[in-house]
Asker: 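I'd like to ask you about the structure that follows.
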Amino acid sequence: MYCHNNNLLYKKRIKLTIDQTDPEIYSKLLPEWDQVLNQKHFKEYTRGSGYQAYWKCTTYNDSYKVDIYSRVIRNYGCPYCGGRQVNLR
């Protein structure tokens, strides 16, 4: 989309949400999205968001906190399953 501002023509950036850009990733990660602890729905964020979201581990059934960018783009998963933290339960 192009906009005019003080006789300059520039391209306006439109932020696309996760469900618009990566439907496969969206459908894969949606069950892991903790809808109780997160204030908004998963599809309201962009894939590069730095929002620290809560995700549900499918193995330990616990919630963990990772930013959306790291979970969607860098494919970071549960810190307990990945051996980065110890689950004391």
Side-chain angles (χ1 to χ4, degrees):
M1 173 186 294
Y2 289 94
C3 298
H4 293 280
N5 186 8
N6 295 333
N7 296 327
L8 295 175
L9 187 66
Y10 65 94
K11 189 170 182 177
K12 184 177 179 182
R13 287 186 167 185
I14 299 172
K15 291 188 176 186
L16 298 174
T17 57
I18 295 170
D19 62 324
Q20 294 170 323
T21 56
D22 295 314
E24 285 183 29
I25 292 174
Y26 173 75
S27 61
K28 176 186 162 218
L29 294 179
L30 183 60
E32 297 178 24
W33 183 258
D34 194 329
Q35 296 195 18
V36 175
L37 295 176
N38 292 308
Q39 296 175 357
K40 295 183 187 177
H41 194 273
F42 184 41
K43 69 179 180 181
E44 295 182 52
Y45 293 97
T46 60
R47 58 187 254 155
S49 174
Y51 173 72
Q52 291 284 319
Y54 289 94
W55 306 87
K56 288 188 268 185
C57 174
T58 56
T59 304
Y60 290 106
N61 203 22
D62 281 340
S63 290
Y64 62 94
K65 201 171 187 180
V66 173
D67 63 274
I68 294 174
Y69 172 81
S70 295
R71 184 69 187 103
V72 174
I73 304 295
R74 301 180 87 187
N75 203 25
Y76 283 9
C78 175
Y80 309 119
C81 296
R84 295 185 306 276
Q85 289 183 2
V86 177
N87 190 343
L88 299 176
R89 289 189 182 190

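No hydrogens, no waters, no symmetry mates; every other heavy atom, side chains included, goes into these values. Everything quoted here is computed from the prediction, not taken from an experiment.
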Asker: Cation over ring, Lys40 on Tyr45, under 6.0 Å and within 45°?
Answerer: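 Pair Lys40/Tyr45 counts as cation-pi.
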Asker: Are Leu37 and Tyr60 linked, directly or through other ILVMFWY residues, by side chains that come within less than 4.5 angstrom of each other?
Answerer: no
Asker: If Ile, Leu, Val, Met, Phe, Trp and Tyr residues are connected whenever their side-chain heavy atoms lie under 4.5 Å apart, and connections chain through other members, are Tyr54 and Tyr69 in the same group?
Answerer: no
Asker: Kindly indicate, with the supporting measurements, whether the criterion side chain to side chain contact (heavy atoms under 4.5 Å, CB included) is fulfilled by Phe42 and Tyr26.
Answerer: CA-CA 8 Å; Phe42 184 41; Tyr26 173 75; 3.5 Å; yes
Asker: What are the two closest heavy atoms between Leu29 and Val72, and how far apart are they?
Answerer: CD1-CG2, 3.8 Å
Asker: So, taking the atom named CG in Leu30 and the one named NZ in Lys43, what distance separates them when rounded to the nearest 0.5 Å?
Answerer: 9.5 Å
Asker: Is there a side chain to side chain contact (heavy atoms under 4.5 Å, CB included) between Cys78 and Trp55 once you walk through the steps?
Answerer: CA-CA 8 Å; Cys78 175; Trp55 306 87; over 6 Å; no
Asker: From Glu44 CD over to Ser49 OG, what is the distance, rounded to the nearest 0.5 angstrom?
Answerer: 11.5 Å
Asker: Taking it one step at a time, do Cys57 and Ser63 satisfy side chain to side chain contact (heavy atoms under 4.5 Å, CB included)?
Answerer: CA-CA 6 Å; Cys57 174; Ser63 290; over 6 Å; no
Asker: Working to the nearest 0.5 Å, report the span between CD of Gln35 and NZ of Lys56.
Answerer: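 One gets 7.0 Å once the value is rounded to the nearest 0.5 Å.
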Asker: As an exercise, state the distance from OG1 of Thr46 to CD1 of Ile68, rounded to the nearest 0.5 Å.
Answerer: 7.0 Å
Asker: What are the two closest heavy atoms between Arg71 and Val66, and how far apart are they?
Answerer: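 Looking at all heavy atoms of both residues, the shortest contact is N-CG1, 4.0 Å.
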Asker: Calculate, to the nearest 0.5 Å, the distance between atoms CG and NZ belonging to Asp34 and Lys65 respectively.
Answerer: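 NZ of Lys65 is found 11.5 Å from CG of Asp34.
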Asker: Has the side chain of Trp33 got a donor or acceptor atom that lies under 3.5 Å from a matching backbone atom of His41?
Answerer: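 No; zero donor-acceptor contacts below 3.5 Å.
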